[in-house]
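All remarks here apply to the structure that follows.
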Amino acid sequence: MRVLVTGGAGFIGSHIVTALAGLGHEPVVLDALLPSAHPRRRSGTPPAPEGAEWFHGDVRDRVLVDRALRGVDAVCHQAAMVGLGKDFADAPDYVACNDLGTAVLLAAMAASGVRELVLAGSMVVYGEGRYGCPRHGTVRPGPRAADDLKAGRFEPTCPACGEPLQPGLVTEDAPADPRNVYATTKLAQEHLAAAWARATGGRAVSLRYHNVYGPGMPRDTPYAGVASFFRSALERGEAPRVFEDGGQRRDFVHVRDVAAANATALAALPGQAPGSFRAYNTGSGEPHTVGEMATVLSAAHGGPPPVVTGEYRLGDVRHITASSHRLTTELGWRPRIGFTEGMTEFAHAPLRAAA
């Protein structure tokens with residue numbers, strides 16, 4: 001199968017390209033090499049695994065996308081601005097890269113006859129995760145108040161009675177509740193993909209990634225994930241700075257497992273009904289706190305232990321962990337790399353230098 005991987009030179013995309021090539025597929029890479037995600041490279045250094053056809057440019061360039069789609073059987077759409085960024089001033093860039101870029105790609109696919117799509121989705125579309133109240137059952141707390149965060153009251157409370165809540169696993173049928181610009185653009189990408197599938201008879205899957213980490217993460221950029229922040233600090237000989245009280249629960253999933261999930265989804269697309277769209281949580285199934293992750297990473301690296309700062313960012317959610325049951329039962333994917341094994345490898349794995 002010939003597969004166009006947008007963002008195929010990036011952190012997750014390059015692992016997907018490697019996985020597809022290893023399975024005998026023919027990957028085609030399109031990447032703009034945005035400075036926020038890519039290292040300085042010497043002229044002539046291949047930006048993608050050897051043997052992959054390469055298109056350097058922006059997914060918003062319709063002429064280039066049309067060229068890249070020639071002879072393609074399916075698209076794996078990874079190109080995006082990621083993370084919370086710096087502040088709301090980033091909003092136009094997020095919308096342009098993520099939503100306009102997706103719209104241009106889908107329009108080109110509609111015209112070219114390519115009808116199979118795997119989209120890089122995100123767990124951020126849920127906002128806060130699943131919570132249970134002893135008195136009121138499953139509830140959805142609103143955004144956390146700045147005054148509570150300043151006072152160190154980080155845990156959401158029941159909106160009905162104010163009692164502490166018990167976090168649980170969110171499933172794909174949970175209502176969407178994006179709470180920052182990035183999250184809003186990721187949800188819009190899914191809506192665009194679903195509309196494209198209905199209009200063209202295409203088949204689309206969104207893999208809602210949880211906290212992806214592993215070799216090749218970009219360093220020293222506000223658009224990287226928390227694991228990259230901690231790993232970069234350790235490389236500088238500094239202690240990781242853990243926000244809030246370190247008790248935030250996340251699902252850290254290894255990038256090679258995510259690449260395998262993309263390959264699995266691509267293989268399953270021909271069996272879907274024409275015009276269909278399906279979302280799948282993509283996580284390890286092992287929730288851990290941010291503080292725990294920092295401690296394990298620091299110990300494996302041999303660096304200073306983490307420092308819990310009490311700092312916070314408006315727009316961050318407290319707990320978000322998912323059930324990947326739908327992905328494992330419907331498509332047969334299984335994560336292979338455990339938390340300690342993966343973090344130990346990541347503690348010594350190379351990062352991408354800032355551009």
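Every heavy atom of this structure was used, including side-chain atoms; hydrogens, water molecules and symmetry mates were not. Keep in mind that this is a model prediction, so the values were computed, not measured.
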Can you name the residues that form a side-chain hydrogen bond (donor to acceptor under 3.5 Å, both in side chains) with [X], not counting sequence neighbours?
X	result
S324	none
Q248	none
T282	none
D73	none

Please identify each residue that fulfils ring pair (Phe, Tyr, Trp, His ring centres under 6.0 Å) with [X], with sequence neighbours left out.
X	value
F339	H288
H348	H301
F346	Y213

Quick one: does [X]'s side chain have a donor or acceptor within less than 3.5 Å of a partner on [Y]'s backbone?
X	Y	value
T6	Q78	yes
R250	P287	no
R203	G271	no
R115	G201	no

So, for [X] and [Y], which heavy atoms are closest and what is the spacing to 0.1 Å?
X	Y	result
V242	A294	CG2-CB, 3.7 Å
I320	V317	CG2-CG2, 3.8 Å
S323	N281	O-ND2, 3.0 Å
V205	A265	CG1-CB, 4.1 Å

*asked:* Any heavy-atom pair between the side chains of R140 and P175 that's under 4.5 Å?
replied: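 Touching, per the 4.5 Å side-chain cut-off.
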*Any side-chain heavy atom of T184 within less than 4.5 Å of one from Y94?*
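Counting from C-beta outward, T184 and Y94 never come under 4.5 Å.
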_Between R318 and D245, is the salt bridge (Lys or Arg N to Asp or Glu O under 4.0 Å) condition met? List the steps._
CA-CA 10 Å; R318 178 62 175 176; D245 60 0; 2.9 Å; yes
*Any luck finding a side-chain donor-acceptor pair between H210 and T321 under 3.5 Å?*
no
Under 4.5 Å between side-chain heavy atoms, counting indirect links through other Ile/Leu/Val/Met/Phe/Trp/Tyr residues: same cluster for [X] and [Y] or not?
X	Y	answer
I337	Y209	no
Y280	V212	yes
F243	V226	no
V170	Y182	yes
V118	L23	no

*asked:* Taking atom CZ as the centre, does R236 end up with more than 12 heavy-atom neighbours from other residues, nucleotides or ligands that are less than 6.0 angstrom away?
replied: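 Yes, CZ of R236 has more than 12 neighbouring heavy atoms, counting only those of other groups under 6.0 Å.
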*Does CZ in R130 sit with more than 12 non-hydrogen atoms of other residues, nucleotides or ligands closer than 6.0 Å?*
no
Does a side-chain N-to-carboxylate-O contact under 4.0 Å join [X] and [Y]?
X	Y	value
E345	R256	yes
R241	E311	yes
E155	R144	no
R67	D61	no
R179	D177	yes
R219	E235	yes

*Could you list the residues that satisfy salt bridge (Lys or Arg N to Asp or Glu O under 4.0 Å) with R278, not counting sequence neighbours?*
E330
*For residues 187-197, which residue pairs qualify under salt bridge (charged side-chain N to carboxylate O under 4.0 Å, His left out), counting only residues two or more places apart or in two chains?*
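Pairs touching residues 187-197 that pass the test: E190-R208.
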*Mind checking who shares a hydrophobic cluster with V95, ILVMFWY linked at side-chain heavy-atom distances under 4.5 Å?*
none
*Other than L106, what residues sit in its cluster of Ile, Leu, Val, Met, Phe, Trp and Tyr side chains whose heavy atoms are under 4.5 Å apart, directly or through others?*
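Joined to L106, directly or through intermediates: L4, V28, L30, F55, V59, L64, V65, L69, V72, V75, L105, M109, V114, L117, L192, W196.
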_Applying side chain to side chain contact (heavy atoms under 4.5 Å, CB included) to E116 and L266, what does each step give before you reach the verdict?_
CA-CA 8 Å; E116 295 182 357; L266 283 165; 5.9 Å; no
*For D66 and S112, what are the C-alpha separation, side-chain angles and deciding distance, and is it a side chain to side chain contact (heavy atoms under 4.5 Å, CB included)?*
CA-CA 8 Å; D66 284 340; S112 68; 5.7 Å; no
*For S284, what residues pass the side-chain contact (heavy atoms from CB on, under 4.5 Å) criterion, not counting sequence neighbours?*
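side-chain contact (heavy atoms from CB on, under 4.5 Å) list for S284, sorted by chain: D251, V253, E286.
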*For the pair H15 and F11, name the ring-plane relationship: parallel under 30°, tilted 30 to 60°, perpendicular over 60°.*
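Rings of H15 and F11: perpendicular, over 60°.
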